[in-house]
Asks: 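What follows is a structure written as structure tokens; I'll ask about it next.
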Protein chains: 2
Amino acid sequence: MQGMNFKKDTSAGYLANHMARLFASGLQRRIKPLGLSPGQFPALVALWAKEGRTQKELVELLDIEQATLANTLARMERDGLISRRASEEDGRVQQIFLTDRAKSLEEEAIGAALAQNAEALAGFSESERDQFLDYMRRAIAAMQSAETGSAE
Amino acid sequence: MQGMNFKKDTSAGYLANHMARLFASGLQRRIKPLGLSPGQFPALVALWAKEGRTQKELVELLDIEQATLANTLARMERDGLISRRASEEDGRVQQIFLTDRAKSLEEEAIGAALAQNAEALAGFSESERDQFLDYMRRAIAAMQSAETGSAE
DNA sequence: CTCCTATATATAGCAAGCTATATTTATTTA
DNA sequence: TAAATAAATATAGCTTGCTATATATAGGAG
């Protein structure tokens, strides 16, 4: 069977990958001047909302693996965005705090992310935008349940 | 201004990133038994359609950078999926050919990708699916034109 | 022919993902 | 209490993506 029917622009997976890369590079362009990178964004958002969280708490909040977060946090510490303080009750745990610099970037950084989202959805009506977000949430939920899922 | 309004599940960029990672890991789970990985997929699709393409031609076809493709092709060669033959007319150019193994995988691999797409869109009606793909194409187009774009 | 420029591919170096495993400290159990 | 298990974090090693730069070959201008 030669020439099976597979076109990249009709593949949801292909489009999702391409779209995500454009979101990331657009965000990067906007926040690089602030000394931030896209992968740090989710952790920053969680810490702007509440400091002193542990790595475990962040892993539960963000949809990434523990090892990925550990590396991201190491880069953030290196870049002067966070500091970590060992817990006294439990020697395995560290609480994570934002530096003054990281705190000072909240407004601009969130503005950049919102601007990037707006750029991507510029041609969308409000209801189209809502529907698009809903579709993405549904696709995510479907794949997550398949992940955990039962027999094939 | 403390506590700016930014929620990950209402951010198109966040959802796009998460969704793309789930597509990739789902596809990986399906094609790993074939000895393939998700990043090789676009190049394979292009070569299944027509062999003997050059790297430059593939870069024009796929939405990735030349350096990314160069590395992906190196891994594909290492893994016995492609071979390259230097052009006689132009010493800079190499034509890329599929190995027998890579050719033999076409049906199963495309089936895996289609199955992954189907899994993600399981709960969608046909018109919802079409609309979703269209939304993604529109977001991609908006970000691409902003990339090239005029003054801010 | 020689020098400049353009083109095709490769390499360096980094970020952000992942899986799998190691390490360290707590907790539980025998 | 000593040994086994669990929990929190780190590390190893890989892929896929990027930007920036190097290398090698072609082609054009003088």
Side-chain angles (χ1 to χ4, degrees), chain A residues 13-14 16-29 31-32 35-44 53-60 62-79 81-82 84-96 147, chain B residues 13-14 16-29 31-32 35-44 53-60 62-79 81-82 84-96 147:
Chain A
Y14 189 97
N17 172 275
H18 191 189
M19 180 172 69
R21 285 186 287 116
L22 288 168
F23 268 111
S25 72
L27 181 59
Q28 175 160 28
R29 171 170 44 86
I31 63 181
K32 193 171 184 176
L36 301 178
S37 61
Q40 304 171 336
F41 220 89
L44 283 172
R53 298 185 198 266
T54 67
Q55 184 181 124
K56 180 182 167 46
E57 286 168 350
L58 287 177
V59 166
E60 282 160 5
L62 315 179
D63 305 284
I64 55 176
E65 295 303 313
Q66 176 268 325
T68 299
L69 181 59
N71 284 323
T72 297
L73 291 174
R75 283 190 295 272
M76 292 172 74
E77 194 165 35
R78 178 202 65 190
D79 296 349
L81 294 169
I82 59 167
R84 289 187 267 195
R85 186 164 64 222
S87 157
E88 285 157 10
E89 313 95 59
D90 188 331
R92 295 167 299 182
V93 172
Q94 287 177 288
Q95 283 186 287
I96 303 166
E147 217 171 42
Chain B
Y14 189 96
N17 172 274
H18 191 191
M19 180 173 67
R21 285 185 287 118
L22 287 168
F23 268 111
S25 72
L27 180 59
Q28 175 161 26
R29 171 171 44 87
I31 63 181
K32 192 171 185 178
L36 301 178
S37 61
Q40 305 171 337
F41 219 90
L44 283 172
R53 297 187 198 267
T54 68
Q55 184 180 123
K56 179 181 166 49
E57 286 168 349
L58 287 177
V59 166
E60 281 159 6
L62 315 179
D63 305 284
I64 55 175
E65 296 302 314
Q66 177 267 325
T68 299
L69 181 59
N71 285 322
T72 296
L73 291 174
R75 283 190 296 272
M76 291 173 74
E77 194 166 36
R78 177 202 66 190
D79 296 348
L81 294 168
I82 59 167
R84 290 187 267 196
R85 184 163 65 221
S87 158
E88 285 158 12
E89 313 96 58
D90 188 333
R92 297 167 298 182
V93 173
Q94 286 176 287
Q95 282 186 288
I96 303 167
E147 217 171 42

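All chains are named by letter (A, B, ...) in the order of the sequence lines, taking the proteins before the strands, and each is independently numbered beginning at 1. Hydrogens, waters and symmetry mates play no part in the numbers below; they use all other heavy atoms, side chains included.
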Asks: Name the residue closer to the 5' end of DNA chain D, choosing between A:Gln94 and A:Arg21 according to the nucleotide with the nearest heavy atom.
Replies: A:Gln94
Asks: Give me the first and last nucleotide of DNA chain D, going 5' to 3', that has any atom under 4.0 Å from a heavy atom of chain B.
Replies: D:dT15 to D:dA26
Asks: Quickly work out the A:Leu81 CG to C:dA15 P distance and round it to whole Å.
Replies: 12 Å
Asks: Mind checking what makes salt bridge (charged side-chain N to carboxylate O under 4.0 Å, His left out) contact with B:Asp79, not counting sequence neighbours?
Replies: none
Asks: If the condition is side chain to side chain donor-acceptor pair (under 3.5 Å), which residues does B:Glu60 pass it with, not counting sequence neighbours?
Replies: B:Lys56
Asks: Mapping A:Gln95 and B:Asp90 onto DNA chain D by nearest heavy atom, which one lands closer to the 5' end?
Replies: A:Gln95
Asks: Does A:Phe41 have any ring pair (Phe, Tyr, Trp, His ring centres under 6.0 Å) partners at least two apart in sequence or in another chain, and if so, which?
Replies: B:Phe6
Asks: Between atom CD1 in A:Ile31 and atom P in C:dA15, what is the gap in whole Å?
Replies: 13 Å
Asks: Take the protein atom CD of A:Gln66 and the nucleotide atom C1' of C:dA16, then report the distance between them rounded to whole Å.
Replies: 15 Å
Asks: Name the nucleic acid region contacted by A:Ala74, choosing base, sugar-phosphate or nothing; use a 4.0 angstrom heavy-atom cut-off, strictly under.
Replies: nothing
Asks: In whole angstrom, what separates B:Asn71's CG from C:dA15's C1'?
Replies: 14 Å
Asks: Under the rule for salt bridge (charged side-chain N to carboxylate O under 4.0 Å, His left out), what residues qualify as partners of A:Glu57, not counting sequence neighbours?
Replies: none
Asks: C:dC18 C1' sits how many Å from A:Ile64 CD1, rounded?
Replies: 11 Å
Asks: Please name all residues satisfying side chain to side chain donor-acceptor pair (under 3.5 Å) with B:Thr72, sequence neighbours left out, ordered by chain then number.
Replies: B:Arg75
Asks: Each nucleotide in nucleotides 1-6 of chain C should get exactly one letter: B, S or -. Can you fill that in based on protein heavy atoms under 4.0 Å?
Replies: -----B
Asks: Categorize B:Asn17 for me: base, sugar-phosphate, or nothing, with a 4.0 angstrom heavy-atom threshold over every strand shown.
Replies: sugar-phosphate
Asks: Quickly work out the A:Glu89 CD to C:dA26 C1' distance and round it to whole Å.
Replies: 13 Å
Asks: Using a heavy-atom cut-off of 4.0 Å across all strands, would you classify B:Ala24 as base, sugar-phosphate, or nothing?
Replies: nothing
Asks: Using atom CG of A:Leu44 as one end and atom C1' of C:dA16 as the other, report the distance to the nearest whole Å.
Replies: 14 Å
Asks: Would you tell me if any nitrogen or oxygen in the side chain of B:Ser25 comes within less than 4.0 Å of OP1 or OP2 on C:dC18?
Replies: no
Asks: Considering every strand and a 4.0 Å limit on heavy-atom distances, what is the contact class for B:Thr68: base, sugar-phosphate, or nothing?
Replies: base
Asks: Give a yes or no answer on whether the side chain of A:Arg84 reaches the backbone of A:Glu77 with a donor-acceptor pair at less than 3.5 Å.
Replies: no
Asks: Quick one: side chain to side chain donor-acceptor pair (under 3.5 Å) partners of A:Lys32, sequence neighbours excluded?
Replies: none
Asks: Hey, what do you get for CG (B:Leu81) to CD1 (B:Ile96), rounding to the nearest 0.5 Å?
Replies: 12.5 Å
Asks: Using heavy atoms to find the nearest nucleotide of DNA chain C for B:Lys32 and B:Arg84 separately, return the residue whose nucleotide is more 5′.
Replies: B:Arg84
Asks: Whole angstroms only, please: what is the CG-C1' distance between B:Leu22 and C:dC18?
Replies: 12 Å
Asks: Quick one: side chain to side chain donor-acceptor pair (under 3.5 Å) partners of B:Gln94, sequence neighbours excluded?
Replies: none
Asks: Considering heavy-atom distances to DNA chain C, does A:Thr72 or A:Glu88 have its closest nucleotide positioned more toward the 5' end?
Replies: A:Thr72
